[in-house]
Amino acid sequence: MLRNKLLSNIFAHLFVFFLLFKVDALLVNKEIYTSGFFNPFVNHFVYLSDVCFVLMLLFFGLHTLFNTGVGGVVRKVFKERFTFFLSGFLLAILLSVFI
């Protein structure tokens, strides 16, 4: 699927481009605004660079999955020692975000 690789590359370039700008959207929660006071530490923001990053990962994963298959991806990722430790590090970061 050449289209998934192309979309992944486009979103990777957009991600790097939007890192320079602080383009975000405020997710409003009605319970916070009972007093009418705005506190940026209580609100949630979604940045355009984050959306581009997630879409880049999605299309890259689809491209990798459809080109090598699931078994090929697992063998390829854990084949090299550096990639194994990097995957473990990223998994630890991902777990710490949710815990």
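FYI, the numbering just counts along the sequence from 1.
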- Residues passing the ring-ring contact (aromatic ring centres under 6.0 Å, His included) test with Y47, sequence neighbours excluded, are none
- Message: According to ring-ring contact (aromatic ring centres under 6.0 Å, His included), who are the partners of F89, at least two apart in sequence or on a separate chain?
- Response: none
- Qualifying residues under side-chain contact (heavy atoms from CB on, under 4.5 Å), relative to F53, sequence neighbours excluded: F15, M56, L57
- Query: Got a sec, which residues hit side-chain contact (heavy atoms from CB on, under 4.5 Å) with V54, two or more places apart in sequence or on another chain?
  - Reply: none
- Item | side-chain contact (heavy atoms from CB on, under 4.5 Å) involving L14 - partner list, sequence neighbours excluded | I10, F11, F18, C52
- Rounding to 0.5 Å, atoms CG (L7) and CZ (F59) come to a distance of 4.5 Å
- Task: Find out if a path of hydrophobic residues (ILVMFWY) with successive side-chain heavy-atom gaps under 4.5 Å connects L58 to F60.
- Result: no
- Message: Taking side-chain contact (heavy atoms from CB on, under 4.5 Å) as the definition, give me every residue that meets it alongside V51, ordered by chain and number, with sequence neighbours left out.
- Response: V46, L55
